[in-house]
Every structure is written in C-alpha cells, then in structure tokens.
*Asks:* 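This structure is in structure tokens; I'll ask about it shortly.
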Amino acid sequence: MNSDFIEKAKNLKLLLTDIDGVMTDSKLPIYTDEKGNIVEIKNFESLDGMGLIFLRACGIRTGIVSRGSAPVLQHWARLLGMDILYFGCMNKTAALQDACARFGCTPQETAFIGDDIIDLGILKASGMPLTVANGVDEVKRLAVYASPKHGGCGAVRDICEQILKARGQWDGVVQAVEDGTFTDPPAQLTVVKTALKK
C-alpha cells in the first residue's frame, strides 16, 4: 500500500459501497413468482460480508448506496450489522453528505467502493475512492486502490483487509477470531428508501 492509501485508511470513519458489480458480479437474475411478483436475486460473497463485519468491529461504520431497490439488500445489510442503506439513489453524492451528517464525519473521512460511471460523483467527493478489478476506466482513474479481485468474488473483503492492515488492526482481528474473543458489534440499520435530491 502506498503512503496516500495508508494515511486515508488511518483517518477512515465510514465506508460506503455500491452493490451491483461490487458486492455482486453485476448480473441481475429476475423471475416472476407464483403470485406474479417480480423477484430479483443477488449472489453475495460471504467473505465480503465478514470483511465488513471486521471493519465495524474496528470502529469503522459501514453502509450501502445503491440505485437498486431489491428487498434482499435490506436483509443483507442487517445480517452484516451495517449502519445505513440508501435504496433507489441516483444522486449518490447526496447520500454521502447525508451519511456524514448522520454519523458526524466528513467526506474526507469516508471511503466509497464503486465500479461504474454512476459512482463517479461520490467517488470524487469521498476522501478514499476505491474500486474493483471490473471497475470501468473512468472509475479506476479516480481510485486510490483498485482490488485485483472482481466484484462478487472477494473484492470487498480484499479492500477491508487492506484498510485494516494499513491501520495496524488486521492482526488483532485474526487473533480475536483465533482465541474466540471476537464478537459482532451491535448496530441499528437506518434505511433511506427514496432518492436524495441535491
């Protein structure tokens, strides 16, 4: 990790992430159930989930900012003890500003993981722009770190590990898991269901 990444990681208070293409492989399987309801399936990587749990245990809040609105996102966010979830959010920069106001941090103390041009605004506004191997070129040009792993294949876990290693906290997490003292920190998920305006 370069010195810029290490410095930003040490000051990090909040990590926000996109979903499709970052925590999934970006494919969107959709089917109609027996009642005629449209159901969207998302395949999540469990390693990513544990990485986010480890971040929270080390004092970094976590959240999702997604243009999508699949109900499964709320289940996944709650399962991971995340702090905030923005549904149907086109203006992701406004979500960043809102999250910072809620949690008492600045954009410079916030990271965002994105993969497509819809993420450019929030990546530029955040202090620690991050991406995955399948991120588009425009996103990779902004990122202080691009995981060598693809979205849905452990990229978020890799990013979480790199952050905790830069902060000197990774070995403590591993030790706590080994000796059985690691516990999930409690969290109350806040769900923002409507797109935020500028």
Side-chain angles (χ1 to χ4, degrees), residues 4-5 8-9 12 14-30 38-49 51-52 55 60-77 80 82-100 107-163 191-198:
D4 187 38
F5 180 95
K8 290 176 185 298
L12 193 62
L14 170 66
L15 180 137
L16 300 171
T17 182
D18 182 34
I19 288 289
D20 297 320
V22 174
M23 294 190 79
T24 76
D25 62 5
S26 79
K27 292 181 174 61
L28 300 173
I30 296 172
I38 303 297
V39 179
E40 181 181 318
I41 300 171
K42 292 188 183 294
N43 293 315
F44 294 111
E45 168 59 64
S46 61
L47 289 174
D48 290 345
L52 291 165
L55 276 191
I60 299 171
R61 291 182 181 272
T62 61
I64 293 168
V65 183
S66 177
R67 182 177 170 275
S69 59
V72 70
L73 293 184
Q74 196 165 330
H75 173 73
W76 182 239
L80 303 185
M82 299 182 87
D83 297 284
I84 197 155
L85 165 62
Y86 294 92
F87 272 130
C89 188
M90 253 328 258
N91 186 350
K92 295 188 177 187
T93 306
L96 169 68
Q97 294 164 349
D98 181 75
C100 287
Q108 284 303 307
E109 296 168 322
T110 303
F112 184 77
I113 311 171
D115 68 312
D116 202 359
I117 60 171
I118 190 176
D119 302 317
L120 290 175
I122 188 171
L123 285 164
K124 192 170 183 180
S126 70
M128 193 174 192
L130 304 162
T131 192
V132 294
N134 51 287
V136 299
D137 289 343
E138 292 87 348
V139 167
K140 286 181 175 177
R141 281 196 287 270
L142 285 179
V144 295
Y145 177 69
S147 174
K149 297 180 181 290
H150 283 255
C153 297
V156 172
R157 170 59 171 270
D158 169 60
I159 287 169
C160 292
E161 281 192 32
Q162 299 307 324
I163 288 170
V191 179
V192 182
K193 294 184 180 179
T194 57
L196 295 165
K197 306 297 182 186
K198 286 187 179 180

*Asks:* Considering residues at least two apart in sequence or located in another chain, which fulfil the side chain to side chain contact (heavy atoms under 4.5 Å, CB included) criterion with A125?
*Replies:* T93, L96
*Asks:* Are L14 and I60 side-chain neighbours, meaning at least one heavy-atom pair lies under 4.5 Å?
*Replies:*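 A side-chain contact under 4.5 Å is absent here.
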*Asks:* In Å and rounded to the nearest 0.5 Å, what is the CD1 to CG distance from I117 to L123?
*Replies:*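 Output value for this atom pair is 12.0 Å.
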*Asks:* Check whether any side-chain heavy atom of L12 lies under 4.5 Å from a side-chain heavy atom of I163, and answer yes or no.
*Replies:* yes
*Asks:* To check you understand the geometry: which heavy-atom pair defines the closest contact between C160 and L52, and what is its length?
*Replies:*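 The pair with the smallest heavy-atom distance is SG-N, 3.8 Å.
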*Asks:* Just by distance, do the side chain of K124 and the backbone of L142 share a donor-acceptor pair under 3.5 Å?
*Replies:*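 Flag not set: sc K124 to bb L142 has no pair under 3.5 Å.
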*Asks:* Check salt bridge (Lys or Arg N to Asp or Glu O under 4.0 Å) between R67 and all other residues, then give those that pass, not counting sequence neighbours.
*Replies:* none
*Asks:* How close do G114 and V139 get, heavy atom to heavy atom, and via which atoms?
*Replies:* O-CG1, 3.6 Å
*Asks:* Let me have the donor-acceptor pairs involving side chains of residues 18-25, under 3.5 Å, with sequence neighbours excluded, atom names and distances please.
*Replies:*
unit_1 : atom_1 : unit_2 : atom_2 : d
D18    : OD1    : K92    : NZ     : 3.1
D20    : OD1    : K42    : NZ     : 2.6
D20    : OD2    : K42    : NZ     : 3.3
T24    : OG1    : G21    : N      : 3.3
T24    : OG1    : S26    : N      : 3.1
D25    : OD1    : K27    : N      : 3.0

*Asks:* Working to the nearest 0.5 Å, report the span between CD1 of I159 and OG1 of T131.
*Replies:*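 Reported to 0.5 Å precision, the distance equals 7.0 Å.
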*Asks:* Applying side chain to side chain contact (heavy atoms under 4.5 Å, CB included) to L73 and F44, what does each step give before you reach the verdict?
*Replies:* CA-CA 10 Å; L73 293 184; F44 294 111; 4.1 Å; yes
*Asks:* What distance separates M82 CE from T17 OG1, expressed to the nearest 0.5 Å?
*Replies:*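 The distance works out to 7.0 Å.
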*Asks:* Got a second to check how far Y86's OH is from I64's CD1, nearest 0.5 Å?
*Replies:*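 Here the interatomic distance stands at 12.0 Å.
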*Asks:* Taking all atoms of both residues into account, what is the closest heavy-atom pair of D115 and D119, and its distance?
*Replies:*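 The pair with the smallest heavy-atom distance is N-OD2, 2.9 Å.
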*Asks:* What is the minimum heavy-atom distance between V65 and C89, and which atoms define it?
*Replies:*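 The answer is CG1-SG, 4.1 Å.
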*Asks:* For side chain to side chain contact (heavy atoms under 4.5 Å, CB included), just list the numbers for E40 and V72, CA-CA rounded to whole Å, side-chain angles, deciding distance to a tenth of an Å, and then say yes or no.
*Replies:* CA-CA 8 Å; E40 181 181 318; V72 70; over 6 Å; no
*Asks:* A side-chain contact here means heavy atoms from C-beta on lying under 4.5 Å apart; do L80 and D48 qualify?
*Replies:* no
*Asks:* Which pairs, with at least one residue in residues 132-141 and sequence neighbours excluded, count as a salt bridge (charged side-chain N to carboxylate O under 4.0 Å, His left out)?
*Replies:* none
*Asks:* Could you tell me the separation between the CZ atom of F87 and the OG atom of S66, rounded to the nearest 0.5 Å?
*Replies:* 8.0 Å
*Asks:* Restricting to non-hydrogen atoms, name the atom on G51 and the atom on R157 that form the minimum distance, rounded to 0.1 Å.
*Replies:* CA-CD, 3.8 Å
*Asks:* Minimum heavy-atom separation for C100 and P107, please, with both atom names.
*Replies:* SG-N, 3.5 Å
*Asks:* List the residues meeting salt bridge (Lys or Arg N to Asp or Glu O under 4.0 Å) with E45, not counting sequence neighbours, and say none if there are none.
*Replies:*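 Partners of E45 under the salt bridge (Lys or Arg N to Asp or Glu O under 4.0 Å) test: none.
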*Asks:* Quick one: CG on L55 to CD on E161, what's the gap to the nearest 0.5 Å?
*Replies:*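 Going from the CG atom of L55 to the CD atom of E161 covers 10.0 Å.
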*Asks:* Would you call D83 and R61 a salt bridge, using N to O less than 4.0 angstrom?
*Replies:*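 R61 and D83: salt-bridged.
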*Asks:* Keeping to residues at least two apart or across chains, list the ring-ring contact (aromatic ring centres under 6.0 Å, His included) pairs with something in residues 118-147.
*Replies:* F5-Y145
